[in-house]
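Since the structure comes first, as structure tokens, the remarks are kept for the end.
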Amino acid sequence: MSKISLIIEREYLSRVRKKSFIIMSILGPVLFAAMMVVPAWLASMEDDEVKTIAVIDHTNLYSGQIENTELLKFDFLDEESEEEIRSNFKESGYYAYLVIQDNLLKNPEAIRLYSDAQITMDAKGYVQRSLRDHLKNQKLQTYKMEGLENILSEINQINIEIPTVKIGEDGSEKQSSAELTMFVSMAFAFLSYMFIFIYGTQVMRGVMEEKTSRIVEVIVSSVKPFQLMMGKILGIAMVALTQILLWVVLTILIVTGVKAAFFPDSEMPSGTHAQIEMMQDQNPEAAQQIASMEDGFNFNNILEMVNSLEPLKTLLLFIFYFFGGYLLYSALFAAVGGAIDNESDQQQFMLPVTIPIIISLYVAMMTFRNPGSDVAFWFSMIPFTSPIVMMARIPFDVPLWQLLLSMALLVGGFIATTWFAGKIYRVGILMYGKKVDYKELWKWFRYSGD
């Protein structure tokens with residue numbers, strides 16, 4: 001077995017046996033699954049509390065204009081009841097009381113909704129929409145148009161959903177989704193950023209620990225510094241791959257198990273239909289849009305949309321760009337870890353390494369809107385930013401020549417970065433007690449090349 005293989009085995013086994021690795025490998029999928037399951041569970045919980053709101057209209061213009069719903073009831077009271085409700089609100093049994101002091105067309109601020117607790121957005125929104133629709137109708141009535149109510153009803157029912165279709169090279173059609181594409185783009189860009197940063201810094205901290213504990217002096221007596229650096233980088237890369245694989249598998253198992261246990265026979269969480277019916281009274285336009293989404297997003301449609309993104313190709317490219325970006329940055333992080341003796345010097349040398357990662361995340365955010373822009377193109381070619389920016393572009397069908405060029409530049413960038421970092425690492429790993437600056441690093445680079 002080669003010396004690099006021995007170092008890889010040592011790095012891998014020492015890290016996967018740690019309690020922190022085991023805990024995060026279990027906790028990560030639980031958190032990811034919770035992000036998927038908890039919203040569905042919350043959506044399935046129906047608010048079955050009936051709330052009654054007293055309405056005191058000093059103008060007598062709005063009596064009966066706010067209709068009852070399944071969960072919201074309205075009592076229109078006379079003016080004399082206001083003082084009694086205010087002084088004995090808790091005993092009144094009302095959730096809130098609404099006071100209208102003047103004609104709202106002339107004075108829109110002559111209205112208040114009182115309660116002894118924070119009023120929910122649903123209740124407040126329904127009252128606002130009901131009165132706004134009534135005022136809108138009143139205003140339109142002044143134009144004395146015939147059949148106005150029918151016209152308004154037809155206008156409110158107008159809705160359009162535009163399905164997107166992806167055309168293949170052979171002319172075949174597949175249903176796609178702009179929203180799903182954007183979500184996948186954001187997810188891959190963020191995951192690339194997170195994993196490169198997390199596991200890259202692990203390399204730096206591992207080098208620093210061995211240097212400060214003087215273990216490295218014993219190790220380099222048997223292996224070359226470059227072999228040690230590459231073994232550490234590749235060993236942690238295998239740890240990263242193992243953890244990512246565990247997260248994916250365990251997350252799928254947890255979500256599948258929860259769905260089988262709590263949502264066995266439903267494509268949508270129970271309670272969604274009831275919520276749509278309640279929303280139909282409160283906001284017909286929104287209810288109609290949600291209902292159309294429910295009809296269109298069945299399992300077969302979702303599967304076809306996912307297939308339009310070529311999941312196998314996308315996953316393989318994600319693995320390539322993750323490892324390419326990780327190897328490139330890990331070499332730089334290893335050089336930084338070998339150059340410094342203490343945490344206080346860390347920020348000075350970390351900043352130039354992390355700036356490209358942060359910039360690439362900002363460019364990726366812009367790429368979601370215009371994946372073919374010049375900025376997105378060039379940043380997806382530069383090796384220091386391509387692992388994140390290109391992953392944001394891939395779901396939007398990057399031309400093959402751009403993909404191949406970006407991959408070749410990333411491989412070349414990794415080789416050049418590793419060569420540069422290895423020269424600094426060879427000198428820095430055995431250098432103690434000396435204040436290091438960029439000028440000193442340049443001397444190490446030149447010296448190690450002699």
Side-chain angles (χ1 to χ4, degrees), residues 4 8 188-204 207 225-238 240-241 314 316-339 349-364 366-367 371 373-394 398-426 428 438 441-442 444-446 448-449:
I4 291 182
I8 292 174
F188 276 122
F190 182 75
L191 286 174
S192 298
Y193 165 81
M194 183 177 67
F195 288 139
I196 288 172
F197 194 83
I198 289 175
Y199 294 107
T201 53
Q202 280 192 22
V203 173
M204 182 188 68
V207 172
F226 183 79
Q227 292 175 322
L228 177 61
M229 184 181 79
M230 287 305 299
K232 185 174 289 294
I233 290 173
L234 295 175
I236 295 178
M238 290 182 63
L241 181 60
T314 304
L316 292 175
L317 287 172
F318 171 72
I319 294 173
F320 173 84
Y321 276 100
F322 162 67
F323 276 104
Y326 163 78
L327 293 172
L328 185 148
Y329 276 101
S330 291
L332 295 176
F333 281 122
V336 172
F349 297 104
M350 276 278 289
L351 187 62
V353 179
T354 55
I355 281 178
I357 304 178
I358 297 171
I359 290 175
S360 60
L361 187 63
Y362 280 104
V363 175
M366 182 208 70
T367 301
S373 67
D374 291 340
V375 174
F377 169 78
W378 287 110
F379 275 87
S380 64
M381 296 297 130
I382 300 171
F384 292 98
T385 56
S386 63
I388 296 174
V389 178
M390 182 55 84
M391 282 313 306
R393 293 186 63 202
I394 283 173
V398 179
L400 182 61
W401 71 269
Q402 293 185 17
L403 197 57
L404 294 176
L405 178 60
S406 174
M407 296 171 74
L409 289 173
L410 181 57
V411 172
F414 160 66
I415 294 172
T417 303
T418 305
W419 171 74
F420 172 80
K423 287 176 171 289
I424 296 175
Y425 183 88
R426 286 177 58 187
Y438 292 106
L441 290 181
W442 179 247
W444 293 356
F445 173 73
R446 296 190 63 187
S448 60

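Note that the structure is predicted; figures quoted are calculated from it, not measured.
Evaluation of the side-chain contact (heavy atoms from CB on, under 4.5 Å) rule for L316 yields L312 as partners, not counting sequence neighbours. Evaluation of the ring-ring contact (aromatic ring centres under 6.0 Å, His included) rule for F323 yields no partner, not counting sequence neighbours. Under the rule for a side-chain contact (heavy atoms from CB on, under 4.5 Å), the partners of L404 that lie at least two apart in sequence or sit in another chain are L400. With sequence neighbours left out, I415 forms a side-chain contact (heavy atoms from CB on, under 4.5 Å) with V411. Partners of F320 according to the ring-ring contact (aromatic ring centres under 6.0 Å, His included) rule, which considers only residues two or more places apart in sequence or in another chain, do not exist here. Residues satisfying the side-chain hydrogen bond (donor to acceptor under 3.5 Å, both in side chains) criterion with Y193, sequence neighbours excluded, are absent altogether. For the ring-ring contact (aromatic ring centres under 6.0 Å, His included) test, no residue two or more places apart in sequence or in another chain qualifies with W378.
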Could you pull out all donor-acceptor pairs under 3.5 Å where a side-chain atom in residues 231-238 meets a protein atom, sequence neighbours excluded?
residue	atom	partner	partner atom	Å
K232	NZ	E11	OE2	2.6
K232	NZ	E210	OE2	3.0

Extract all donor-acceptor atom pairs below 3.5 Å that involve side chains of residues 327-337 and protein atoms in other chains or at least two apart in sequence.
residue	atom	partner	partner atom	Å
Y329	OH	F384	O	2.5
S330	OG	Y326	O	2.7

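The closest side-chain heavy-atom distance from V389 to M381 is not below 4.5 Å. The shortest side-chain heavy-atom distance between T418 and M230 falls under the 4.5 Å cut-off. L409 is not listed as a side-chain neighbour of S386, based on a closest heavy-atom distance of 4.5 Å or more. Annotation: side chain of F322 is not in contact with side chain of L241 (no heavy-atom distance under 4.5 Å).
With F197 as the partner, the side chain to side chain contact (heavy atoms under 4.5 Å, CB included) test is satisfied by one option alone out of V353, I358, I357: I357.
Interatomic distance, CD1 of I8 versus CD of Q227, reported as 11.0 Å (0.5 Å rounding). Annotation: the span from F379 atom CZ to T367 atom OG1 amounts to 9.5 Å, rounded to 0.5 Å. Summarising the geometry, atom CG belonging to L191 is positioned 9.0 Å from atom CE belonging to M391; distances are rounded to the nearest 0.5 Å. Between the CD1 atom in I382 and the CG atom in L410 there is a gap of 12.5 Å [rounded to 0.5 Å].
For residues 400-412, the side chain to side chain donor-acceptor pair (under 3.5 Å) pairs, not counting sequence neighbours, are Y321-S406, R393-Q402.
Around the CZ atom of F377, the shell of radius 6.0 Å holds more than 12 heavy atoms that belong to other residues, nucleotides or ligands.
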